[in-house]
Every structure is written in C-alpha cells, then in structure tokens.
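Notes for the one structure printed next.
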Amino acid sequence: MLPHPLANAPLAMSELPKTFDPKAIEERWYAHWESRGLFRPERPDARPWTIVMPPPNVTGSLHIGHALDITLQDVLTRRERMLGKDALWVVGTDHAGIATQMVVERQLNERQQQRTDFTREEFVDKVWAWKGESGGSITRQLRRIGASCDWAHERFTMDERYQRAVTYTFVEMHKRGLIYRDKRLVNWDPKFQTAISDLEVETRDVQGRFWTLSYPLADNSGAIQVATTRPETMLADMAVAVHPEDERYRALIGKQIKHPITGRLIPIIADEHADPELGSGAVKITPGHDFNDFEVGKRAGIKPADMLNMFDARAFVVQTQDGLIPPKLLGLSREDARKAVVAKLEDEGALIRVEDRVVPTPFGDRSGVTIEPWLTDQWYVDAARLALPALQAVKKGDIRIVPETWKKTWYNWLENIQPWCVSRQLWWGHRIPAWYTEDGQAFVAESEEEARAQAGGKPVHQDEDVLDTWFSSALWPFATLGWPEETDDLKRHYPNDVLISGFDILFFWDARMAMQGIEFMGEAPWKTLYLHGLVRDAQGAKMSKSKGNTVDPLGLIDKYGADALRFTLAAMESQGRDIKLDEKRVEGYRNFATKLWNAARFLQMNGVGASDSIAAPAAELPVNRWIIGEVVETLAKLNAAFDELRYDEMADAIYHFVWGTFCDWYVELVKGELSTSPTRQGEGGGDDETKRVAAWAFDQILVMLHPLMPFITEELWSANQRPYELIVAQWPEPQAQVDPHAKAEMTQLIGFIEGIRSQRLETGFKPIDVIPISVTSGADYQFSVLNRYEAIIRRMARVRPAKITISNTEHGSVWSSELVDQYELVEKPDRTSFVTAQFVIGDLIVIAFTQGFIDLDAERDRLTKALAVAEKEGDALAARLANPNFTERAKPEAVEKARADHEAKAAEAERLRAALDRLG
RNA sequence: GGGCGCGUAGCUCAGUGGUAGAGCACACCCUUCACACGGGUGGGGUCGUAGGUUCAAACCCUACCGCGCCCACCA
C-alpha cells in the first residue's frame, strides 16, 4: 500500500549545506514525525505487526544498554512500517517498585527525613509527584535516539487501567490455585526490609571463616563437634544432625545437647543432609535461618510456626520464642552478634578451631546487603505449573528464540523453577488484593466490598504488601493492549511478532511474560524472542556507575549524531556476543553519514533529483544496468539479514554498497555522463537515463538505510520535492534483475582500473601523469570494453592508448610510443631493447611507456614476485586436481571451480613469464 | 557441581568444510572541480594447543590450556 500523501508537508527542495550537522536536523525531524502521527499512520486494512518495548524505569535515565535495545527495535519497526504494515511499537514506563521507592527515600534522607515519617498515602503521593517531575526524562531521551514508537498510546504500569489488569490477574490466579499464601523462609533484604525473589539474590564469594564448636551432651557424657560459617545463628539452633549411616555418631542419635550459650536442650537427629565428609560430620540445625536447615527441621517434624526466630526485620537480634537468648546479646546487629557469640564460646572453651574459608554469600541485587533467610508469611506463585506450557512453547517452535543457544537456558530454568515469592513489603507498587478478617483469614477479591462479602460481612483490612514489579510487567504484551477487555487492539496485536530484550532479564521478565501470556491469552506473547548482549566498555569491562566507565549515549549523540550511534550499535550487534563499544567506531560511522551527505550534494549539484518510480527505471547503459543489479543484490542481502535478525549483516551490506560501490565506483563512473559538456549531450538519451538511474539508486539507498539512520536519510530525502516523508515510504521492490553482462563488463573495467593503479604505483609512476600504454594480449571483447570506457579509464587510471613505434638505431631497435584514440592489439615488442614497464592484469599484458626511468632490476623483481604468487596458487590447484580422490569425491561445483581457477592462474603465470622474458 | 559462550591481522569482530575477511589502527602517495569526517596504494594472520574424522578443517569430533557469564543449599 502506498503511504498517505501529506498536503502541507514542508518539503520544498533546498540546497544542502556543505557540512552535515546532525544536531540541526534530528530534533526537527523527530518533532515532525511525531506531530504528524507518522509513527503509526492509520492503516486499518494493513497487516498488523507488533513489538513492545521493555518498559524502562519511569524515573530512570537512558543508558547505553537502552540505546542498543531501542535501536534494535526501532530498526525492525521502521522497516515493517515501510513494508506497509500497521506497525505498532508499544511504549511505556515501569513503576519499578524497589528502585523507585529507593530513589524517593534517598531524597527524603537528604532532607533528614524518612519514609516512616509519613503515612503510606503521603509517601505514595510523594512518589507520584517525583514521577511527574522526572518521569518525562527517560521518554525524552528515547526520542533522541529516534525511537519511532506509538506515543499516542503510552502506558505506565501503574495506570488505573493497568492496575485493574494486575488486580484481575492476581484474583484470577488465586481462583485457579496458582497463587497461595505460605509461611516459609524467604530471602529477606534487611536494608529495604522486604522479601525478594530468588532472582534478586546475587551469590558472591566472600572471604569468611569456618568455626568448629563443641556442643556438650546434656547428660555430660561428652560433646559433639559442629562446624559453621555463621556462628551467630546458633542462638536459634533447634537440633544437631548427623548422617544416619555415620558409625561415629549412631549411638548419639536421639540424645540431647545442652546448647553452650542458651542452655537450650536440643536433640541429635539423623538426616541425610549431614555430610560425613564435611567438618566433623555433625551439623547444627537452625531451621529459622537457613534454607537447608528449614527442610531438615520440617523433616524432623518441626512446624514452621514453631521454628525459632532470632532476628527482627533489620536483622538485629531479638529474643527467641523460648526466651533463652542471654539479654546481653539482644539488640545486636548480625555482625556484632557474631563477635559476641564467638567471644563467649571462646571464654567457655567451646571454640575448637577457626579456619579461613571462602563462603558463597547471598546479596540483595539492589541493596547490596547480605540477604537473611527469614521466616515470614508471603504470597507465592506456583511457577512450576505455569512453566510447563512456556517450556513447551519453545520446544514446539511457537516461540523462536534467537540466538538458539538460549533455548537450553530457557529449558533449564523452567524445568527447575521454584515458587515465586511475589509479595513485597514496600509502599510503592500494586497493592495485593487480599483482605483479612480480625482472626487472620484471607480473602482475595477485586475490591474490599467483595472481600467483605466473602467474609460474611465481617470487617476486613487490606494486605499491606505490594506485588513484585515483575508480576505486573509480565502482563505487558497484552495489558498494554487493553486486556482483560477484548479490545480491537488486543485482537489485532496479540501475539506480538517479536520481543527484543537483553538476556539479563530473560528470567525476570521474558519467561514470566511467556508464562502469564500463555495462561491468560492462550498463546505465547511473541513469535520470536531476540536476546542481545550487554554493552561493555572498550576494554570489555561491564559498565557501572561506580567504576565510572559508563558511556553516556546522549553524549555520543551530541558528538556524533544519533544516526552514527545507532549504526554503530547495529553494526556491532552480532548474535550472542556482548558489545565492546569503542568510540572510534561511532566516529567512523559519523564519517559514513558525512560521506552519504556529500554524495547527495554531488548528485544535487549535477541536477539529479528525486526518482519518480519504485521500480528500477529502464536503462541501456551497462553502468546503469550494473548499478541497478547492485541495488537488487544489496536489497537481497539486506532482506536476508532482516529475516535472520542479523544486524551486523544489515549494516555491513548497506555500508559497503553505499561507500564501496555507489560512491567509489558508480558516482565516479558516471561523472562524465552527468557532466553537461555539449559532446555528451549530443549523444542523446544517456544523460537523462543516468540521471534517472542515479536518482533511483540513491533513493533506494535512502530507503534501505532509513531504518538504521533515520535522521540523515529523511533530511536528504526532503532535499527534493516529495509527496510524503521517507519514514512512510515504501520498502524497495526494484522489479529488476542483475544483468550478468553489465556486471561482467563493469567488473572487468573496475579490475582493469585497479590493476593499473596498483602496478603503476608499484613501478614508480607519478600519480598525476597520464601514461601512454599499449596492450599486447587479450580478446576482442576486452578491447571493446577498454575503448568504450577510454575516457573513464583515462580519468580514473590516468592512462591512455598508445601505439608502439620502432626506430632502428645503430645500437639496435628502440621502442617509443605514439598516442592514438583507440586501444588495439599491438605486436609484442622485441626483448632486446625493451625498457618499459609491463603490467599483467588478468588476461592482459599492458606496456606502460616511460621516459626511460625504469629500473630494470626492480621491474624484474616485481614481476618475479608476482609470478611466484601465481605459480604457487596455480600449483596448489594443480596438485588438488591431480588427486583422483578430489576429482572423484568432491562436489562437482568444487571441482569445476578449481579447474577454472587453475586455468586462470596458469594463464596469468604464463603472461608474467612472457613479460619477464622480454626483460631479458 | 551443572550449563552456556569465547580464544581468527596491533585493536574490535565477521566467517563455520573447498586457495583467510571487514572496520579501525599503521605505512607510502595525493591541496584530482561531492567529500581530508576525503581519495589512491600497500604491509600485516602457521585462525589458543595437541590429537582425530575427511579427498579437503579456521570451520566437524576429542582432550587440554586460557578467559568470561549463568544456574546450584555444601554447614
């Protein structure tokens, strides 16, 4: 479908400034696109295409990782839009529970205030106020890199409508038995004083110690040694475990220990958790403060409600239920308690040994403090039940994961998934829709009225907790489309086509989206899941604020332009690898943008305007037929790269076409055609055709490059009168093919020019001189190519045809040159008096006339080296062809190619030998 | 302990069965009328090591060495 024309678009043809200034155009074009609704033009009949942006933290700011993520998404979105689809890119922000609450609390702290100085409502109001103040900065920054998302339908995970979806989800999952309340150990963050999920815990190795303690038997018949890395938790010990098979302790099972500090009587129990190989083989059991011990305790028949707890929410020591902790230890921090306990044990002679040991220690990923296993009531999602369909979706191919290596990780995590703790003891977030009666009975409902009704009219109060942020963002692919209502958008745009995210949120977000999406929508949220790596600094180190090695994408945009940054990120995005960002690359692609800019200027100066057709224009001249074919090939590469989500190949294809083919060769080759000299004009047709083709080819470049470099391409597009903006132009469909004859002709011409350039430089000719040459071998068609492009060859290779003339002197015959208009086959000169340079270029032997400065030895040397190379390659091929195993077993194409290559090499060697021969 | 990945030109990385590539950097030359953020030319790699499979291996297999990441309760 054709894009809609814009009657009042300010797109008059204008002369391009001499230098390209990204700053001058980026803001202007973004505002233009956005204000005219071009990010999502009305296309009711078009095929839908959908992607959702991972919602950034509403109070966050754009970092280089976002820049990568956004670029990759925008590249796809822009192309799909150009393909005529109803391309929807959902944008919005995340309330980001802990992160946002942290920011606001920190601000309060700066003013000597605390969250708890306020009521919950007051505090939440403050967060909303902060969101209002700073929430726009991330979205402004998204605009700076050119994200063409649908701002008209921007979402926020705490929007009223979104909140309803979250509440509905929770209630519905509870009904389906997918959510339940349970008392068990959670990962407790003593800094934020909230539970967190397994995923939010980072285990790091810490240099710690290993204490061996002596626990006396209650009957004074001896003692048993236990070892621990956390001596302070002994205050809540409830047992000592030994392995049931361990002969050393078999007799002790069932006996009692008199705990050295609390005097608590605890049993020696048998449990396979105790590893006879480790330490003494006996281990102290603290069910309330250790995940293993919790399980051991349960196996020993201790109910979670009866497990001793010795910490408060800040992880300071409090009295256990049995009141046996000595008062002196109460109120101590974990660290102080450890010191006090160890000192006390030492005093009592109960400390046997202390060793250094590396201890894997859990830390909160945001708070950075040590996580404390703590016994609390929390809400859990039965993730295992949700995981199975998500696992299947990938196995069956409903979801295609790119790159594929992540499939295993996906399976592995989902197969071993643990219950997901979704309640958080925070104020900022989606309040859990559960109400309690006075006796603690819970009622889950969408409103207080409903809950009260369920409770038989008894007074109820709502759960104080909020939900894990990821619980709500898991609904993003459908809740943003109006779900749970059956909206048109939902019907059209779910499932989404593709999701692009960093692999760092594969479990946090992607997997949970898949689980929730399948549970509530009946099918996976996206057809393709593309995972990209992290952006690292030029040394490969992870970027972090504390290291100070972060690269500010906005700074790079200021310096080099958004297009250059986008192109860099795309070019460096090869599947499955992290990106080491080097500013030099950005600079290089800024140069590329400038190159394009100047090509446009050149065309403009030569009267090449806009093309009026999407299909390639009819062309007679081989150079034009050739460039059309090159566009066709580039487009094919580009389309293939898009299909395979190979961003590096997209960038590579367009970069080399623009610079290496279009600018370096096509523009140079047609300079003569485009010039307005009367002789050329007189030949009729050529000028107009070349202008048409040049205009068309350049337009194709602008279209093909637009997804990667939207700003400069739109600006250059608008340099000519256009019926619509480039952003809504049609993706190329040249309706043309590669012309093999034109391609062969241009390949020959280019090869000849390169051959001359290279060898004349090696031989020592001055770059400026136009050298007379004669050609002494070659086929007729090659001469016709040389003659057809004589003017071009003269301009680009700085040689011109000459004829050998022979004059006899008393010292023998001497060769000299006489300028002629046409190349023609000349007789091979006699060796005796040959003093000119010889260039062997493929089939051709070219004699370059000099004023006698040729250093014969150097020339002999040069040709000998070239001969050695040709012979070596020829011999290698000959050896292979002589091997019957190769000719019989290899693929016929391979044999054929080897044969042809061998012939060419042998012929080249032959010519070099002849040339050498003439040097004597 | 399990899983994944990486080791190719000075640097950053493509290539994944048929004679080693790109960008940057480097060297030399060029004030050629689009562009010095440019043009031209060139040097540079026994593709981590050792075996194996194959007519043929940087590419497939095995082991090893080095590096990185993820998951996992070893007190």
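Each chain gets a letter, A, B and so on, in the order the sequences are listed, and its residues count up from 1.
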Check whether any side-chain N or O of A:Lys408 sits under 4.0 Å from OP1 or OP2 of B:rC4, and answer yes or no. yes
Reading RNA chain B 5' to 3', what string of ( ), [ ], | and . shows its pairs, if Watson-Crick and G-U wobble pairs count only when both distances fall under 3.5 Å? ((((((((.[[[[.)..(..]]]].(((((.......))))).....[[[[[..)....]]]]])))))))....
Of all heavy-atom pairs linking A:Ala870 and A:Glu908, the shortest is CB-OE2, 4.3 Å
Which of these nucleotides, B:rG38, B:rC4, B:rC6, is closest to any side-chain atom of A:Asn591? B:rG38
Could you walk me through whether A:Phe657 and A:Ile627 pass side-chain contact (heavy atoms from CB on, under 4.5 Å), step by step? CA-CA 10 Å; A:Phe657 177 67; A:Ile627 199 68; 4.0 Å; yes
Does A:Phe210 have any ring-ring contact (aromatic ring centres under 6.0 Å, His included) partners at least two apart in sequence or in another chain, and if so, which? none
Take A:Met234 and A:Leu345 through the side-chain contact (heavy atoms from CB on, under 4.5 Å) test and state the conclusion after the steps. CA-CA 11 Å; A:Met234 75 181 302; A:Leu345 289 168; 3.7 Å; yes
Identify all pairs in which a protein N or O lies below 3.5 Å from an N or O of nucleotides 72-75 of chain B, and state each distance.
from, atom 1, to, atom 2, distance (Å)
B:rC73, O2', A:Asn292, ND2, 3.0
B:rC73, N1, A:Asn292, OD1, 3.1
B:rC73, O2, A:Asn292, OD1, 2.1
B:rC73, O2, A:Asn292, ND2, 2.7
B:rC73, N3, A:Asn292, OD1, 3.2
B:rA75, OP2, A:Arg357, NH2, 3.4
B:rA75, O2', A:Ala227, O, 3.3
B:rA75, N6, A:Asp275, O, 3.0
B:rA75, N6, A:Leu278, O, 2.4
B:rA75, N1, A:Asp275, N, 3.1

Between CG of A:Leu881 and P of B:rG18 the distance, given in whole Å, is 17 Å
Taking side chain as C-beta onward, heavy atoms only, is A:Phe698 less than 4.5 Å from A:Leu596? yes
Using a cut-off of strictly less than 4.0 Å, decide whether A:Arg577 has a side-chain nitrogen or oxygen near OP1 or OP2 of B:rA14. yes
OP1 or OP2 of B:rG15 sitting under 4.0 Å from any side-chain N/O of A:Arg646? yes
Is A:Glu754 salt-bridged to A:Arg757, going by a charged N under 4.0 Å from an acidic O? no
Identify whether the distance between the nearest side-chain nitrogen and carboxylate oxygen of A:Glu372 and A:Arg230 falls below 4.0 Å. yes
Atom pairs under 3.5 Å: protein N/O with N/O of nucleotides 19-27 of chain B:
none

Atom pairs, N/O to N/O, protein against nucleotides 30-36 of chain B, distance under 3.5 Å?
from, atom 1, to, atom 2, distance (Å)
B:rA34, O2', A:Asn598, OD1, 3.1
B:rA34, O2', A:Arg601, NH1, 3.1
B:rA34, N7, A:Lys671, NZ, 3.4
B:rA34, N6, A:Cys663, O, 3.4
B:rA34, N6, A:Glu668, OE2, 3.1
B:rA34, N3, A:Asn598, O, 3.1
B:rA34, N3, A:Ala599, N, 3.3
B:rC35, O4', A:Asn598, OD1, 3.3
B:rC35, O2', A:Asn598, ND2, 3.3
B:rC35, O2, A:Lys595, NZ, 2.9
B:rC35, N3, A:Lys595, NZ, 2.8

Where do A:Arg248 and A:Asp246 land on the salt bridge (Lys or Arg N to Asp or Glu O under 4.0 Å) test, with the steps shown first? CA-CA 6 Å; A:Arg248 295 170 292 178; A:Asp246 194 333; 2.8 Å; yes
d(CD, A:Glu888; P, B:rA56) in whole Å: 14 Å
Check: A:Tyr655 ring centroid to A:Tyr589 ring centroid under 6.0 Å: yes
Between A:Asp901 and A:Lys905 (salt bridge meaning N to carboxylate O under 4.0 Å), is one present in this structure? no
Quick one: label A:Arg590 by what it contacts on the DNA or RNA (base, sugar-phosphate, nothing), any heavy atom closer than 4.0 Å. base
Considering residues at least two apart in sequence or located in another chain, which fulfil the side-chain contact (heavy atoms from CB on, under 4.5 Å) criterion with A:Val895? A:Leu881, A:Phe886, A:Thr887, A:Ala890, A:Arg899
Here the distance between atom P of B:rU41 and atom CZ of A:Phe765, to the nearest Å, is 17 Å
Considering just the side-chain nitrogens and oxygens of A:Lys891, establish if one lies under 4.0 Å of OP1 or OP2 belonging to B:rG18. no
Quick one: label A:Thr405 by what it contacts on the DNA or RNA (base, sugar-phosphate, nothing), any heavy atom closer than 4.0 Å. sugar-phosphate
Step by step, work out the side-chain contact (heavy atoms from CB on, under 4.5 Å) result for A:Tyr215 and A:Asp237. CA-CA 11 Å; A:Tyr215 277 21; A:Asp237 278 354; 2.5 Å; yes
Going by atom types only, do A:Asn883 and A:Arg880 share a side-chain donor-acceptor pair under 3.5 Å? no
Determine, for A:Asp21 against A:Lys23, whether the closest basic-nitrogen to carboxylate-oxygen distance falls under 4.0 angstrom. no
Roughly how many Å is it from CG in A:Leu569 to C1' in B:rC13, rounded to a whole number? 15 Å
